[in-house]
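Report on the following structure.
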Amino acid sequence: MQLAIQLIFAEVGIDNILNNGAETSQSIAEGWDKEWLDLLQNNTSNNLYGALTNVGIFFAVGTLLFFVVQFLKDLLSYEYTRPISALIWPFVVVTLLNNSGNGSILSNLTLGLRNFIGTANQQVLLTADADKMYQQALNMSVAEEVAGSFLRPCQSLTGEQQNQCFAKATEKVNILWQQYRNLYGNKNWIVRLQTKVDNIRYGTGIVSETSFNSLLGSTVQTSIKNFLVSLQYAFQNLIEATMLLIAALGPIALGGSLLPVVGKPIFAWLTGFLSIGIAKISFNIIAVLTAAVIVNGPGQNPNVDPDLMWFMIFLGVLAPILSLVVAAAGGFAVFSAISNTASLVRDRI
């Protein structure tokens with residue numbers, strides 16, 4: 001069972017992790033594109049978004065009663081400026097909720113906002129990850145486990161059998177090093193790892209038992225790293241799912257915006273949508289900057305043998321938490337700005 005886990009992880013390391021980097025965020029977003037189009041534009045008269053739009057219209061009709069009462073109350077109190085400015089909201093709600101079957105104006109605006117956030121996120125990644133920092137750091141973190149999975153079966157052998165086992169394992173590992181060099185060039189961290197493998201294979205130099213075990217790693221450590229890599233991908237999928245959920249609830253938020261209150265539900269909805277976008281961009285910025293510290297620091301020194309488990313923990317656990325905190329703070333600022341702008345526009349009309 002342990003050998004099966006190791007071989008599986010080795011295959012994952014060569015076939016998938018080599019090709020995963022900061023562009024993973026974009027590929028995940030592209031995987032959700034069809035869901036967005038199916039929900040917001042394709043046959044919206046009969047799908048989930050159409051049903052939620054009908055619920056939003058029901059909410060609008062219900063809250064219209066409160067709007068009319070407040071409107072008449074202001075007229076009777078001779079506060080003519082407030083009723084005139086408030087008349088904008090019914091027209092806005094009716095226009096945005098009008099569903100033609102191929103998407104409403106609200107759904108098209110929501111899709112456009114999502115595409116804008118995705119484009120901004122991709123531009124940030126392309127600018128900050130020009131040297132594939134994130135991809136390099138990920139591979140640095142798992143390369144020892146991948147190489148160790150090939151060498152591990154040789155540890156229990158002796159004599160000529162062990163030499164033959166090391167020879168076959170080295171051939172596979174050399175393919176891995178060549179793939180790394182094709183992607184990043186002849187980096188110092190690749191030379192360091194290759195030197196460690198060669199020292200074990202040919203018995204040159206002094207390799208301590210600790211270094212040997214560090215290269216091979218343990219099944220538990222390998223499983224933890226694999227789990228943490230999956231955890232960060234799960235977080236990015238969670239971001240996309242949350243954005244889609246918020247988008248689907250847009251008609252309900254808009255329908256409740258006729259309530260005569262200062263904080264309109266549509267503003268809270270827009271704030272939530274933008275906050276998730278901020279979390280998405282923040283996570284990728286944090287990941288790329290942290291990866292740059294690793295690649296430009298210990299990655300440049302062939303004599304340093306860093307333990308990068310902290311990087312995996314940071315990406316899988318701490319970076320998502322930090323990005324959500326930043327998103328919450330940014331969302332509060334966005335909500336305040338939108339509310340203040342709406343109040344200013346209302347007072348000017």
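In this chain, residues are counted from 1 in sequence order.
Taking V191 as the reference, R181, N186, T195 meet the side-chain contact (heavy atoms from CB on, under 4.5 Å) condition, with sequence neighbours excluded. Scored by the side chain to side chain donor-acceptor pair (under 3.5 Å) test, N98 finds no partners at all (sequence neighbours excluded). Listed by chain and number, the residues in a ring pair (Phe, Tyr, Trp, His ring centres under 6.0 Å) with F235 are F283 (sequence neighbours excluded). Taking the side-chain contact (heavy atoms from CB on, under 4.5 Å) definition, one finds that E35 meets it with W32, L244, sequence neighbours left out. Residues passing the side chain to side chain donor-acceptor pair (under 3.5 Å) test with Q178, sequence neighbours excluded: N182. Residues passing the side-chain contact (heavy atoms from CB on, under 4.5 Å) test with T242 are L238, I246, I276, sequence neighbours excluded. Every residue two or more places apart in sequence or in another chain that forms a side-chain contact (heavy atoms from CB on, under 4.5 Å) with A268 is listed here: F335.
Identified under the ring-ring contact (aromatic ring centres under 6.0 Å, His included) test for residues 292-331, with sequence neighbours left out: none. For residues 40-62, no residue pair satisfies the salt bridge (charged side-chain N to carboxylate O under 4.0 Å, His left out) rule, not counting sequence neighbours. Residue pairs satisfying the disulfide (SG to SG under 2.5 Å) criterion with at least one member in residues 274-308, sequence neighbours excluded, are absent.
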### Task
Test side chain to side chain contact (heavy atoms under 4.5 Å, CB included) on I266 and V92 and set out the steps.
CA-CA 11 Å; I266 190 62; V92 170; over 6 Å; no

### Message
Applying side chain to side chain contact (heavy atoms under 4.5 Å, CB included) to T95 and I105, what does each step give before you reach the verdict?
### Response
CA-CA 7 Å; T95 301; I105 296 179; 3.6 Å; yes

### Task
Report the C-alpha separation of N139 and Y184 in whole Å, then their side-chain angles, then the decisive distance to 0.1 Å, and conclude whether the side chain to side chain contact (heavy atoms under 4.5 Å, CB included) test is met.
CA-CA 11 Å; N139 282 299; Y184 317 121; 2.6 Å; yes

### Message
If you apply the rule side chain to side chain contact (heavy atoms under 4.5 Å, CB included), what do you find for M309 with L228, and how did you get there?
### Response
CA-CA 10 Å; M309 178 62 78; L228 291 173; 4.1 Å; yes

### Message
Between Y134 and N284, does the side chain to side chain donor-acceptor pair (under 3.5 Å) criterion hold? Intermediate values first, please.
### Response
CA-CA 9 Å; Y134 177 70; N284 288 297; over 6 Å; no

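There is a path of hydrophobic side-chain contacts, each under 4.5 Å, that joins V317 to V288. Under the 4.5 Å side-chain heavy-atom criterion for ILVMFWY residues, no single connected hydrophobic cluster contains both L315 and V293. Following chains of ILVMFWY side-chain contacts shorter than 4.5 Å, one cannot reach F332 starting from I321, and the two form parts of different hydrophobic clusters. Hydrophobic clustering places L48 together with L106 (ILVMFWY residues linked when any side-chain heavy atoms are closer than 4.5 Å, directly or through intermediates).
In this structure, L96 and L109 have side chains that are in contact, with non-hydrogen atoms separated by less than 4.5 Å. Side-chain contact between K187 and R192 is absent, with no heavy-atom pair separated by less than 4.5 Å. Residues L97 and S104 are not in side-chain contact: their nearest non-hydrogen atoms beyond the backbone lie 4.5 Å or more apart. In this structure, Q232 and Q236 have side chains that are in contact, with non-hydrogen atoms separated by less than 4.5 Å. Side chains of M312 and L138 form a contact here, defined as non-hydrogen atoms less than 4.5 Å apart. Counting heavy atoms from C-beta on, the side chains of Q136 and Y180 never come closer than 4.5 Å.
How far CD of Q194 is from CG of N174: 6.0 Å, rounded to the nearest 0.5 Å. L254 contributes atom CG, which lies 11.5 Å from atom CG of L270 (distance to the nearest 0.5 angstrom). A distance of 8.0 Å separates CZ in F116 from CG in L113, rounded to the nearest 0.5 Å. Between the CD atom of Q135 and the CE atom of M140 there is a distance of 13.5 Å, given to the nearest 0.5 Å. Rounding to the nearest 0.5 angstrom, the gap separating the CG atom in L274 from the CE atom in M243 is 8.5 Å. For the atom pair L318 CG and T290 OG1, the distance stands at 9.5 Å (nearest 0.5 Å).
Residues I281 and A120 come closest through the heavy atom pair CD1-CB, 4.4 Å. L231 and G316 get closest at one heavy-atom pair: CD2-O, 3.0 Å. Taking all atoms of both residues into account, the shortest heavy-atom contact from S275 to A327 is O-CB, 3.2 Å.
Under a 3.5 Å cut-off, the side chain of S257 and the backbone N or O of K264 do not form any donor-acceptor pair. Between the side chain of S323 and the backbone N or O of P320 there is at least one donor-acceptor pair closer than 3.5 Å. Between the N121 side chain and the I117 main chain, no donor and acceptor come within less than 3.5 Å of each other.
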Please output the side-chain donor-acceptor pairs of residues 50-66 that fall under 3.5 Å, not counting sequence neighbours, one pair per line with the distance.
{"from": "T53", "atom 1": "OG1", "to": "Y49", "atom 2": "O", "distance (Å)": "2.8"}
{"from": "N54", "atom 1": "ND2", "to": "G50", "atom 2": "O", "distance (Å)": "3.3"}
{"from": "T63", "atom 1": "OG1", "to": "F59", "atom 2": "O", "distance (Å)": "2.9"}
{"from": "T63", "atom 1": "OG1", "to": "A60", "atom 2": "O", "distance (Å)": "3.2"}
{"from": "T63", "atom 1": "OG1", "to": "G255", "atom 2": "O", "distance (Å)": "3.0"}

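The aromatic rings of F273 and W36 sit perpendicular to each other, their planes meeting at more than 60°, with 30° as the lower class boundary.
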